[in-house]
**Student:** 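The following block contains the structure, expressed as C-alpha cells.
Chain letters run A, B, ... following the sequence lines, proteins first and then strands; every chain starts at 1.
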Amino acid sequence: MQEAYEPASVEREAQAFWASRDSFRSTEARARPKFYCLSMFPYPSGKLHMGHVRNYTIGDVLTRYYRMRGYNVLQPMGWDAFGLPAENAAMANEVPPARWTYDNIAYMKAQLQSLGFALDWNRELATCKSDYYRWNQWVFTRLFRKGLAYKKTGAVNWDPVDQTVLANEQVIEGRGWRTGALVEKREIPMYFLRITAYAEELLAALDKLPGWPEQVKLMQKNWIGRSDGVRIGFPYRLENDDRVLWVFTTRADTLIGATFMAVAAEHPIAVHAARRNPELAKFMDACRKGALIEADLAQIEKKGMPTGLFASHPLTNEQIPVWVGNYVLMGYGEGAVMGVPAHDERDYEFALKYKLPIKPVIRHALGDTVPAPWKPEYAEYGVCINSGPYDGLGYQEAVDRIAEDLRAKGLGEKQVQWRLRDWGISRQRYWGTPIPIVHCPACGDVPVPDAELPVVLPEDVVPDGTGNPLAKKPEFYQTKCPQCSRPANRETDTMDTFVDSSWYFARFACPDQSKAMLDERASYWMPVDQYIGGIEHAILHLLYSRFFQRVMREETGLMPGVAEPFTNLLTQGMVLAESYYTDASGRREWVNPAEVEVQRDSKGNIVSAKRASDGIPVVYDGVGTMSKSKNNGVDPQALIDEHGADTARFYTIFASPPTNTLEWSDKNVAGSARFLKSVWTFAYRFSRASKSKDVDRKIRFRIHADLKQANFDMQRHQFNTVASACMKILNALEELPEWNATSEEGLSILLRLLSPIAPHIAHHLWRELGFGEDVMKAPWPEPDAAALEQDEIELVVQVNGKLR
RNA sequence: GCCGGAAUGGCGGAACCGGUAGACGCAGCGGACUCAAAAUCCGCCGCUCGCGAGGGCAUGAGAGUUCGAGUCUCUCUUCCGGCACCA
C-alpha cells in the first residue's frame with residue numbers, strides 16, 4: 001500500500017473494478033426486496049453544475065446504502081433532452097439542436113461517470129429519441145380518442161416582430177427578449193390533457209403518501225384547490241333574449257350583499273356590450289393584451305368599466321350593474337364573479353374606487369357596519385343580517401338555505417370547483433415531441449394510427465427565432481389523412497417537455513422495449529421507492545407524473561396497485577454561491593468567486609476583496625443562486641480535478657443537510673479533503689503496524705455511540721451528520737495510543753460508513769486492509785449494544801469531561 | 001398579490017421527545033517543527049464584564065404558554081422556492 005493518497009489513481013482503479021464486474025447492472029431478481037432509487041434526470045445543458053453533483057450524490061448515497069443493506073437496487077440515468085435552451089443555442093451558434101444536445105449528453109455522461117455513481121448505464125435513455133417519444137405520441141392518441149385530450153383555445157405570448165410565440169421566460173418586462181417589442185396576448189387553438197378529470201383522486205391520494213414531505217403535499221393540495229360553493233345564476237335580458245349570467249362563490253351566505261357583477265374581458269356579455277361602446281372596447285382590448293403570468297396578473301391595479309347592462313338578483317330581483325374587470329379570468333370558473341364589497345377585500349376596494357354601494361349582510365367581530373378602511377374581520381364568517389328570511393343564520397345554514405331556494409328557482413345549486421386547470425401541452429416550437437394529429441379538410445383532427453408512429457422529428461433543423469420551424473417544412477407537414485387518404489397537414493406544434501418527464505421513471509424499467517410503452521418489468525420496479533430532486537419541482541412535475549402514472553396504468557394494464565409513482569420523496573435545496581463585482585471599468589463587471597481574494601479582520605469578517613489576477617478591488621454582493629448573469633457558477637470539474645470525486649462528493653454531503661440550501665464555499669472543501677487524506681494516512685500506518693488484541697472500552701464506546709447516531713441520521717436522511725460521524729470516529733481512533741482490536745473494528749466501521757459517500761477510497765482501503773474484496777458487499781455496520789451499555793454514565797463523564 | 005419554506009457564532013451547520021445552545025468542519029488566533037515557507041501536529045476560539053474564581057447577555061424582532069422554549073402559539077421583518085410556456 002502506498003503512503004500518499006492519490007485520488008486520481010484510486011478512483012480510476014475503483015471504477016475499473018466496478019466496470020469489470022458490471023457492478024451496477026440491475027436485474028429483476030426476486031430473491032431480495034427491490035429498491036428503486038431515482039434522482040431527477042438532468043437537462044443536458046452543457047456541463048454538470050453543483051446542483052447536479054449534489055442531487056446525484058444524495059441519490060448515490062442512498063443507492064449504495066440500500067445495496068449494503070441487502071436490497072436489489074436500481075439506479076438509472078437518462079436525459080431530459082427536449083427543450084428551449086437547445087433552440088436558443090442553435091440560434092446563437094447555428095448548430096442544430098439535436099447536435100448540440102447529443103454533444104452535451106456525451107460530455108455530461110463522462111462527468112457523471114468520473115464521479116463514480118452506481119448507475120446502471122444499460123438503461124440510459126434520452127427523451128429526444130424517437131424510441132422514447134413515440135410513446136408520448138402513443139399515449140396522446142389514446143387519450144385523444146377517449147376525450148381525455150382535446151382541443152380548445154389557450155392564451156400565449158405573441159411577439160409581433162418575430163411573429164412567434166414566446167415562453168414566459170422570454171418575456172422581459174412585457175417585451176420580447178430578442179426584439180424588445182411589446183408582447184401581446186393571443187388566443188390560439190391548443191391541445192389539452194384533461195388532468196381535471198383526476199383532480200379529486202389526485203387530491204385524496206395525497207393522504208396515502210406518508211413518505212412525502214408535508215410541505216409538498218400541502219402545496220399540491222392548495223394547487224389542486226378544491227372549493228365547495230354554490231353556482232348562482234343572475235338572469236338578464238339581451239336583445240329580447242332571456243339569458244343567465246352564472247358565477248361561482250364559496251360565500252353564498254353573502255349573496256344578498258351582492259351589489260355588482262364583474263366579468264372577464266373575453267366574456268360574451270362584455271363582448272356584446274362593447275359593440276356599441278368604443279370606450280369599453282378599448283378597455284377590454286387593454287385587458288386582453290395584459291399579462292399572461294398569474295404572478296403579474298395578481299399585482300396589477302384592479303380596474304373596471306361598466307357595460308351598461310344589468311342582471312337581476314336571483315333572490316331579490318334587484319337590478320345589479322355588470323362591469324368588466326381586468327382581474328377576472330375567463331379561464332377560471334365561469335369568467336364572472338359577484339361583487340360583495342362588504343365582505344371581500346378586493347370587492348371592497350373596487351366598490352370604493354368606483355363608488356358602488358356597500359351593503360353589509362354579515363355580523364362580524366367588530367359589529368354590523370363596515371366603515372373604511374377595510375378590516376380583515378369583515379370577511380370572517382358570522383350571522384346573516386339585513387338578509388330578510390336568512391337573518392340569524394350562520395354560515396353553513398345560510399349557504400344550505402340559499403342553495404335550496406336557488407335550486408327551486410332553477411338559478412343555482414351546490415358545486416365543487418377546482419383551482420386546477422387542464423394541462424395545455426401544445427408548444428409552437430421545434431425541439432419537442434411532434435403532436436400526432438393530422439388535420440384533414442374532410443375528417444377533421446385525426447390521430448395518427450399506431451402503425452404510423454412515431455411521427456419523427458427531423459433532426460437537421462436550425463431554428464432562427466421566427467415562427468414555428470416545423471410549419472416551414474412541407475416535407476414534414478404534408479401528408480395524407482389516415483382515414484380518407486386525401487392530402488392533409490400534420491400538426492406542427494410539439495408537446496410540452498413536461499410530458500417527457502412525466503413517465504420516464506417507468507420507462508427505465510424497460511428502455512429497450514420496442515413493442516410497447518412498458519412491459520411487465522415496470523410492474524417489478526415501480527413504484528420508485530425513493531425519488532430525489534429539487535424543491536422547485538414540488539408542484540408541476542410531480543403532479544403531472546402522478547397524473548401520468550394513473551393514465552399509464554389504465555392504458556398499459558400493467559403496474560396493478562401502483563397509483564402513485566413515488567413512494568418516498570426527498571426534495572433537495574438549491575446550491576447558492578457568493579457573488580462579487582467591480583465597477584472599475586465604469587460598468588458593473590461580475591467576477592467569479594474563484595478569482596477573488598478576500599481580506600478578513602481578526603474576527604474573520606470580510607474587510608475587503610480584490611481580483612487575484614490584477615488586484616482590482618471588488619464588491620461583495622451577497623449570496624444567491626448560481627447564474628450566468630452574476631458569473632458566480634462553480635464548475636464542479638475544477639473541484640473534481642483538484643481534489644478528486646470522493647472529496648467533491650463528501651463535501652457536498654457534509655456541508656449541509658440535503659433539504660437545505662447549500663452555500664458554496666471553495667475554502668470549506670479543505671476540511672473534507674483533509675479528512676479523506678487522514679483516513680488514508682491512518683489506514684496506511686495501521687497496515688504496517690503490529691496490533692495487539694486489546695480493547696479500549698472508552699474509545700469503543702465513542703465509536704459505537706457515533707455509529708448509532710449515524711444510523712439514525714441515515715434513516716432520516718440527515719447525511720451531513722453521517723459525514724460528521726465519520727470524522728468523529730476517525731478522531732476517536734487517532735486518540736488510541738497503539739494499534740489494537742479497537743482500531744481494527746473502528747476502521748472497519750468507518751470504511752463501511754464512508755462507502756456510500758466516498759466510495760472509491762472506501763473500496764480501495766477495504767481491499768488493501770484485507771477486510772474483504774468489495775466493501776459494497778459487506779454488511780452495513782450496526783452498533784453493538786454491549787459496547788454502549790457498559791458503565792455508560794461513567795464513560796460519558798470521562799469522555800466529555802462533564803456530566804451529561 | 002397568492003401558496004409553501006427558512007432565519008442559531010466571522011461562516012456551513014449540531015441540538016432526535018420542550019430539559020447543559022453551538023457537536024463536526026471552515027475561517028481566525030497562539031505555539032511546535034523548519035534557514036524559511038507549505039504541509040503536518042498541539043492549544044485557544046459566541047458576545048460581554050472580570051487579573052482570576054466567576055458573573056451577565058445570547059438562537060431574525062416582539063408578545064404568549066411553561067418550573068423550563070432554538071424547539072410550542074400568535075403578530076411582524078427579511079430572504080428563498082412556486083404561480084401553469086425555464087427545466
Side-chain angles (χ1 to χ4, degrees), chain A residues 40-43 45 80 82-85 88 154-157 165-171 190 195 213-223 225 292-300 302 327 331 345-346 419-429 432 496-498 500-501 533-541 543-544 571 573-574 576 578 598 600-606 622-625 651 654-657 659-672 674-675 677-678 681 706 709 712-713 715-716 718 720-721 723-728 731 734 800 802-804:
Chain A
M40 290 179 186
F41 66 164
Y43 178 78
S45 53
D80 187 13
F82 274 139
L84 199 52
N88 296 341
V156 294
N157 305 301
V165 175
L166 297 178
N168 285 340
E169 190 191 50
Q170 297 171 318
V171 180
M190 307 205 306
I195 189 173
E214 289 303 322
Q215 161 198 4
V216 174
K217 288 191 276 187
L218 192 53
M219 280 192 264
Q220 293 222 345
K221 184 184 170 198
N222 292 337
W223 185 265
L292 193 65
I293 302 165
E294 195 198 301
D296 298 343
L297 216 53
Q299 280 168 86
I300 54 171
K302 310 287 179 278
Y327 60 94
E345 185 170 10
R346 193 180 56 189
R419 207 190 78 95
L420 182 68
R421 309 201 294 262
D422 276 339
W423 176 11
I425 59 155
S426 292
R427 297 291 179 272
Q428 298 68 43
R429 275 185 256 293
D496 181 4
T497 55
F498 269 123
D500 309 332
S501 55
I535 182 71
E536 66 272 21
H537 296 293
I539 295 174
L540 289 179
H541 164 60
L543 190 63
Y544 292 149
T571 47
M574 313 232 314
L576 309 178
E578 295 172 330
V598 175
R600 291 167 195 275
D601 63 17
S602 62
K603 288 186 177 174
N605 300 308
I606 295 176
V623 164
T625 55
Y651 174 64
F654 175 65
S656 177
T659 52
N660 278 27
T661 52
L662 166 55
E663 195 173 315
W664 187 259
S665 158
D666 262 334
K667 277 184 180 160
N668 290 353
V669 172
S672 301
R674 211 169 284 161
F675 165 68
K677 198 171 163 186
S678 301
T681 305
D706 287 335
Q709 182 67 45
F712 176 73
D713 289 342
Q715 272 161 32
R716 55 178 190 140
Q718 193 83 356
N720 56 322
T721 51
S724 291
C726 293
M727 289 177 158
K728 287 181 192 178
N731 287 349
E734 283 178 335
N800 296 344
K802 48 185 181 178
L803 199 65
R804 206 173 249 190

**Student:** Would you please name every residue forming a side-chain contact (heavy atoms from CB on, under 4.5 Å) with A:Ser678, sequence neighbours left out?
**Tutor:**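 In terms of side-chain contact (heavy atoms from CB on, under 4.5 Å), with neighbours along the sequence ignored, A:Ser678 is linked to A:Leu730, A:Glu734.
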
**Student:** Is the phosphate of B:U40 approached by A:Arg674 (side-chain N or O, under 4.0 Å from OP1 or OP2)?
**Tutor:**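 For B:U40, OP1 or OP2 has a side-chain N or O of A:Arg674 closer than 4.0 Å.
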
**Student:** Does A:Met40 reach a base, just sugar-phosphate, or nothing at all? Heavy atoms under 4.0 Å.
**Tutor:**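 If one applies the 4.0 Å heavy-atom cut-off, A:Met40 turns out to touch nothing in the nucleic acid.
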
**Student:** Suppose you measure atom C1' in B:C45 against the same atom in B:G10; what distance do you get, rounded to whole Å?
**Tutor:**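 Comparing C1' positions in B:C45 and B:G10 gives a spacing of 11 Å.
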
**Student:** Could you pull out all residues at least two apart from A:Glu294 that satisfy salt bridge (Lys or Arg N to Asp or Glu O under 4.0 Å)?
**Tutor:**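 Partners of A:Glu294 by the salt bridge (Lys or Arg N to Asp or Glu O under 4.0 Å) criterion, ordered by chain and then number, come out as A:Arg419.
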
**Student:** Might you list the N or O atoms of the protein lying below 3.5 Å from N or O atoms in nucleotides 3-8 of chain B, with each pair's distance?
**Tutor:**
{"unit_1": "B:C3", "atom_1": "O3'", "unit_2": "A:Asn222", "atom_2": "ND2", "d": "2.7"}
{"unit_1": "B:C3", "atom_1": "O2'", "unit_2": "A:Asn222", "atom_2": "ND2", "d": "3.0"}

**Student:** Write down the partner of B:C86 under the Watson-Crick or G-U wobble criteria, each distance required to be under 3.5 Å.
**Tutor:**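 Paired with no nucleotide.
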
**Student:** With A:Arg427, which residues qualify under salt bridge (Lys or Arg N to Asp or Glu O under 4.0 Å), at least two apart?
**Tutor:**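 Testing A:Arg427 for salt bridge (Lys or Arg N to Asp or Glu O under 4.0 Å), a comparison that skips the adjacent residues, returns A:Asp496.
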
**Student:** Which part of the nucleic acid, if any, lies within contact of A:Val669, taking any heavy atom under 4.0 Å across all strands shown: a base, the sugar-phosphate backbone alone, or nothing?
**Tutor:**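 Counting heavy atoms under 4.0 Å across all strands, no contact is made by A:Val669.
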
**Student:** Reading RNA chain B from 5' onward, which residue's closest nucleotide shows up sooner: A:Gly83 or A:Ser678?
**Tutor:**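 It is A:Ser678 whose nearest nucleotide is closer to the 5' end.
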
**Student:** So, is B:C17 syn or anti if syn means the angle is within 90° of 0?
**Tutor:**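 Syn, angle within 90° of zero.
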
**Student:** With sequence neighbours excluded, tell me which residues meet ring-ring contact (aromatic ring centres under 6.0 Å, His included) with A:Tyr651.
**Tutor:**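 Testing A:Tyr651 for ring-ring contact (aromatic ring centres under 6.0 Å, His included), a comparison that skips the adjacent residues, returns A:Trp664.
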
**Student:** Quick check: any donor-acceptor pair below 3.5 Å linking the side-chain of A:Gln170 to the base of B:C86?
**Tutor:**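 Such a pair does not exist between side chain and base.
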
**Student:** Taking pairing as Watson-Crick or G-U wobble with both contacts under 3.5 Å, can you name the mate of B:G81, or confirm there isn't one?
**Tutor:**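 Per the H-bond distance test, B:C3.
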
**Student:** Under 3.5 Å between N/O atoms: give me all the protein pairs with nucleotides 13-18 of chain B, atom names plus distance.
**Tutor:**
{"unit_1": "B:G13", "atom_1": "OP1", "unit_2": "A:Thr661", "atom_2": "O", "d": "3.3"}
{"unit_1": "B:G13", "atom_1": "O3'", "unit_2": "A:Asn720", "atom_2": "ND2", "d": "3.3"}
{"unit_1": "B:A14", "atom_1": "OP1", "unit_2": "A:Gln718", "atom_2": "NE2", "d": "2.5"}
{"unit_1": "B:A14", "atom_1": "OP1", "unit_2": "A:Asn720", "atom_2": "ND2", "d": "3.3"}
{"unit_1": "B:A15", "atom_1": "OP1", "unit_2": "A:Arg716", "atom_2": "NH2", "d": "2.5"}
{"unit_1": "B:C16", "atom_1": "N4", "unit_2": "A:Gln709", "atom_2": "OE1", "d": "2.4"}

**Student:** I want to verify the glycosidic state of B:G9; is it syn or anti under the 90° rule?
**Tutor:**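 Syn conformation for B:G9.
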
**Student:** At under 4.0 Å between heavy atoms, what does A:Ala295 touch on the DNA or RNA strands: base, sugar-phosphate, or nothing?
**Tutor:**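 The residue A:Ala295 makes base contact.
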
**Student:** Please identify each residue that fulfils side-chain contact (heavy atoms from CB on, under 4.5 Å) with A:Asn222, with sequence neighbours left out.
**Tutor:**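 Listed in chain order: A:Leu218.
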
**Student:** Nearest to the side chain of A:Ser724 - B:C24, B:C85, B:C83?
**Tutor:**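 The listed nucleotide nearest to A:Ser724's side chain is B:C24.
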
**Student:** Using a 4.5 Å cut-off on heavy atoms from C-beta on, say whether the side chain of A:Leu84 contacts that of A:Arg429.
**Tutor:**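 Side-chain contact under 4.5 Å: yes.
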
**Student:** List the residues meeting salt bridge (Lys or Arg N to Asp or Glu O under 4.0 Å) with A:Asp500, not counting sequence neighbours, and say none if there are none.
**Tutor:**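 Not a single residue meets the salt bridge (Lys or Arg N to Asp or Glu O under 4.0 Å) criterion with A:Asp500.
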
**Student:** Counting Watson-Crick and G-U wobble pairs only, both distances under 3.5 Å, name the nucleotide matched with B:C57, or none.
**Tutor:**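 With both distances under 3.5 Å, B:C57 matches B:G46.
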
**Student:** Is a donor-acceptor contact shorter than 3.5 angstrom present between the side chain of A:Gln299 and the base of B:G1?
**Tutor:**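 Checked by distance alone, the answer is yes.
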
**Student:** Verify the contact: side-chain N or O of A:Asn88 to OP1 or OP2 of B:C86, cut-off strictly under 4.0 Å; return yes or no.
**Tutor:**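 False: A:Asn88 side-chain N/O out of range (4.0 Å or more) of B:C86 OP1/OP2.
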
**Student:** Would you mind classifying the nucleic acid contact of A:His541 as base, sugar-phosphate or nothing, using non-hydrogen atoms under 4.0 angstrom?
**Tutor:**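 Nothing, no nucleic acid heavy atom in range.
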
**Student:** For A:Met574 and A:Asp296, find the nucleotide of RNA chain B closest to each by heavy atoms; which residue's nucleotide sits nearer the 5' end?
**Tutor:**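 Residue closer to the 5' terminus by nearest nucleotide: A:Asp296.
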
**Student:** Taking the P atom of each, how far is B:U66 from B:G82, in whole Å?
**Tutor:**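 B:U66 and B:G82 have their P atoms separated by 42 Å.
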
**Student:** Going by the rule ring-ring contact (aromatic ring centres under 6.0 Å, His included), which residues pair with A:Phe41 if we only count those two or more places apart in sequence or in a different chain?
**Tutor:**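 Listed in chain order: A:Tyr504.
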
**Student:** What's A:Ser501 touching, base or sugar-phosphate or nothing? Going by heavy atoms closer than 4.0 Å.
**Tutor:**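 No contact.
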
**Student:** How would you summarise protein contacts on nucleotides 70-77 of chain B per nucleotide, using B for base, S for sugar-phosphate only and - for none, with heavy-atom distances below 4.0 Å?
**Tutor:** --------

**Student:** Whether A:Arg427 contacts B:C85 is assessed here as follows: a side-chain N or O lying under 4.0 Å from the phosphate OP1 or OP2. Is that the case?
**Tutor:**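 So the side-chain polar atoms of A:Arg427 do come within 4.0 Å of the phosphate oxygens OP1 or OP2 of B:C85, strictly under.
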
**Student:** Name all residues meeting the side-chain contact (heavy atoms from CB on, under 4.5 Å) criterion together with A:Leu540; count only those two or more places apart in sequence or in a different chain, and write none if there are none.
**Tutor:**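 Partners of A:Leu540 under the side-chain contact (heavy atoms from CB on, under 4.5 Å) test: A:Trp223, A:Phe498, A:Tyr544.
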
**Student:** So what's B:C11 paired with, Watson-Crick or G-U wobble, going by both distances under 3.5 Å?
**Tutor:**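 Base-paired to B:G25.
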
**Student:** Pick base, sugar-phosphate or nothing for A:Phe675, based on heavy-atom distances below 4.0 Å to the nucleic acid.
**Tutor:**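 Counting heavy atoms under 4.0 Å across all strands, no contact is made by A:Phe675.
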
**Student:** Once side-chain contact (heavy atoms from CB on, under 4.5 Å) is applied, do any residues pair with A:Lys728, and if so which ones, sequence neighbours excluded?
**Tutor:**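 Result, side-chain contact (heavy atoms from CB on, under 4.5 Å) vs A:Lys728: A:Asp706.
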
**Student:** Phosphate oxygens OP1/OP2 of B:G1: is one of them under 4.0 Å from a side-chain N or O of A:Arg346?
**Tutor:**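 Checking B:G1 against A:Arg346, no side-chain N or O comes under 4.0 Å of OP1 or OP2.
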
**Student:** With C1' as the reference atom in both, quote the distance from B:C11 to B:A27 in angstrom, rounded to an integer.
**Tutor:**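 Those two atoms are separated by 7 Å.
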
**Student:** Can you check the distance between B:G60 and B:G70, where both ends of the measurement are the C1' atom (answer in whole Å)?
**Tutor:**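 Between the two C1' atoms, the distance is 12 Å.
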
**Student:** Which part of the nucleic acid does A:Leu166 contact within heavy-atom distance under 4.0 Å: base, sugar-phosphate only, or nothing?
**Tutor:**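 Here A:Leu166 touches the bases of the nucleic acid.
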
**Student:** Please lay out, stage by stage, how A:Gln170 and A:Asn157 fare under the test side chain to side chain contact (heavy atoms under 4.5 Å, CB included).
**Tutor:** CA-CA 9 Å; A:Gln170 297 171 318; A:Asn157 305 301; over 6 Å; no

**Student:** Please name the nucleotide paired to B:U73 by Watson-Crick or G-U wobble geometry with both distances under 3.5 Å, or report none.
**Tutor:**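 Checking every strand shown, B:U73 finds its partner in B:A63, with both distances under 3.5 Å.
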
**Student:** So A:Arg419, base contact, sugar-phosphate only, or nothing? Heavy-atom distance under 4.0 Å.
**Tutor:**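 Here A:Arg419 touches the bases of the nucleic acid.
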
**Student:** When the C1' atoms of B:U75 and B:C26 are considered, how many whole Å apart are they?
**Tutor:**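 To the nearest whole Å, 37 Å.
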
